[in-house]
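Per chain, numbering begins at 1; letters A, B, ... match sequence-line order.
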Amino acid sequence: MIKLRIIDADGNEYETQTDIGGNLMTVATDNLIPGIDAECGGACSCATCHVYINDPKQLQLLGEKSDIEQMLLDCLETKGENSRLACQVNLTDKQDGLVVHIAPQT
Amino acid sequence: MAHSPIVAIGASHASVQLAASLRQAGYCGDLVIVGAEPHLPYNRPPLSKTLLTQQVSFDKTLLRQQSFYDQHNIQLKLGARVKSISRKSNQVTLDSDETIAYSKLVIATGADPIMLNLPGEQLEGIGYLRNYDDTQTLIPSIEEGKSAVVVGGGYIGLETAAALRKAGMIVTVVEGMERVLQRVTSPEISAFYTNAHVTRGVNIVTNAQAVEFVGQHRVEAVKCSNGESYPADVVVIGVGVRPNTGLAADAGLNVTNGINIDEFGRTDDPDIFAIGDCTNFPCHFTNTRMRLESVPNAVEQAKSAAAYICGEELPYRALPWFWSDQYDIKLQIAGINTGFDDIVILGNREDEQFSAWYFAGDRLLAVDAINSTKDFIKAKQLLSEGQSICKQALKQDNHKSHG
Ligand SMILES: Cc1cc2nc3c(=O)[nH]c(=O)nc-3n(C[C@H](O)[C@H](O)[C@H](O)COP(=O)(O)OP(=O)(O)OC[C@H]3O[C@@H](n4cnc5c(N)ncnc54)[C@H](O)[C@@H]3O)c2cc1C
Ligand code: FES
């Protein structure tokens, strides 16, 4: 079990616990956290699971983005250096304490 | 009846989104989902992409974890089939003869494969591909170096061919029509996919209908209408689906190629809604009624129905979109190209990176983006907002960058 803190675009905070092995998108949808539409169900096709990881160390621990994820992110006006697609973020025990901000809907 | 639960029939993309949206909107009454499959609801698209060749494990494809249903008090009745709906008494009857009363009923029964029913179809190694259990039937026959025949060159057939090829099989696709993807896309895109498969070693045969499966216990070959016979250790059939409308029709609801609904998911019974692959709905973009087989369609219809049940009007007006993954080729489609009379191609087909912009007159209808996510997102935005784009400028742009 790892702990995550997710903050939605309106500033509401959610403390969640989850098993490792899943991805960040499903944690958000399992907890009915608004702002993660996940229209493609994690197929890296829709860019509706956009989040920010503000802490550079935590961001680095998530590893490299795939080319497709990068391409999708590049299409978003709200993209930043700290952007990730939640469905492409796999959760291991290194992610304990991860703080996630959900990007505003475009 | 006010205290009876909301009942959904079918436990998949549409009804899971319905349940999530109902809880998100504050509905706190009882909620029951009855599903014929014995498994927790899962993501169906990976079936033909990664599940068949075991590149992903089943638990990674679950739509939600068990804890989601527990935490939000969503009762799942899995491995249970609804056999009838009684509109007089507002209840459904299951195969086990158990009855469940409903305050609102949501039909999300999806679609089932069209069966060929050809001679030899009962042979081992032959299967359809709609459910997780279908993959379990097929997987033992998938082996590197052996032969596979895919019957049907639609998106699911081609995805299956790509997956089997990647798994090292010798793959033949037999398609009854003149070209693959004939029912769903333009000749340009069909030609592109044919070429993409052929260069990766897949044999594509068109104008050929399967007529018989040959073998003793196991399938050994597929005989086709062109007189040829193709060796097969495994056969995957994907020739389209039919919406599961039987329950609705038996209950006297309006059904025409799908259960007829409006943009709130309402059927002609005020207590019954229908969502997802089983519906025929008015499309906001084409101004026609249609039926779609796509996850975004199921999810968006579910949101509209949930909102309406909770007293809020959120008509289904999201732009239809779809994707398909084959090899390293990602296709994303925005809009519906039915009725197009002109295509502008941006980018380069040889590089497997381009987009096809479909127009009727000067009006943009749809875009097929191949490894061109930027074009897809741009098109989705334009089409969603009802904006067009200047066809001439688009053509000139293309000349500038590629001329
Ligand atoms: C191999 C494959 C690949 C696909 N790829 C893509 C893709 O890349 N992108 C995309 O957008 N879409 C894709 N699709 C389509 C997508 O999966 C469907 O649009 C989606 O599953 C529709 O969801 P649904 O909830 O309406 O119905 P379904 O997912 O069909 O679920 C209906 C459920 O209802 C159950 N049911 C039926 N009758 C009863 C009954 N009487 N009682 C109880 N339960 C019942 C069925 O067993 C089934 O589990 C693919 C489909 C397949 C099969
Ligand atoms: S859920 Fe679609 S890209 Fe992440």
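- Proximity to chain A is limited to the side chain of B/His72, based on heavy atoms less than 4.5 angstrom apart.
- Contact annotation for A/Leu73: neither backbone nor side-chain heavy atoms come within less than 4.5 Å of a heavy atom of chain B.
- Contact count versus chain B (heavy atoms, under 4.5 Å) is highest, among A/Asp19, A/Asn23, A/Thr29, for A/Thr29.
- With chain A as the partner, the residue from B/Arg64, B/Gln17, B/Arg23 showing the most heavy-atom pairs under 4.5 Å is B/Arg64.
- Across all their heavy atoms, B/Asn43 and A/Gly41 have their closest contact at ND2-O, 2.9 Å.
- By the neighbour-count criterion of 12 heavy atoms within 6.0 Å, atom CD of B/Gln387 is densely surrounded, having more than that number from other residues, nucleotides or ligands.
- In this structure, chain A has no heavy atom under 4.5 Å from any part of B/Lys49.
- Applying the 6.0 Å contact sphere to CD of A/Gln60 captures no more than 12 heavy atoms from other residues, nucleotides or ligands.
- Per-residue counts of heavy-atom pairs under 4.5 Å with chain A were compared for B/Lys378, B/Glu300, B/Gln65; the largest is that of B/Gln65.
- Counting heavy-atom pairs under 4.5 Å between each of A/Cys44, A/Ala43, A/Cys40 and chain B puts A/Cys40 at the top.
- Only the side chain of B/Phe376 comes within less than 4.5 Å of a heavy atom of chain A; its backbone N, CA, C and O stay farther away.
- Side-chain contact between A/Glu39 and B/Val299 is absent, with no heavy atoms from C-beta onward closer than 4.5 Å.
- Put simply, the side chain of B/Lys330 does not reach to within 4.5 Å of the side chain of A/Leu72, judged on heavy atoms.
- When the shell of 6.0 Å around CG of A/Asp67 is examined, it contains 12 or fewer heavy atoms from other residues, nucleotides or ligands.
- For chain A, the nearby parts of B/Gln24 are the backbone and the side chain; heavy atoms of each come within less than 4.5 Å.
- In the displayed structure, B/Glu385 atom CD is contacted under 6.0 Å by more than 12 heavy atoms of other residues, nucleotides or ligands.
- B/Trp323 places none of its side-chain heavy atoms less than 4.5 Å from the side chain of A/Cys46.
- Taking chain B as the reference chain and counting heavy-atom pairs below 4.5 Å, the highest number among A/Asp74, A/Asp30, A/Leu76 is found for A/Asp30.
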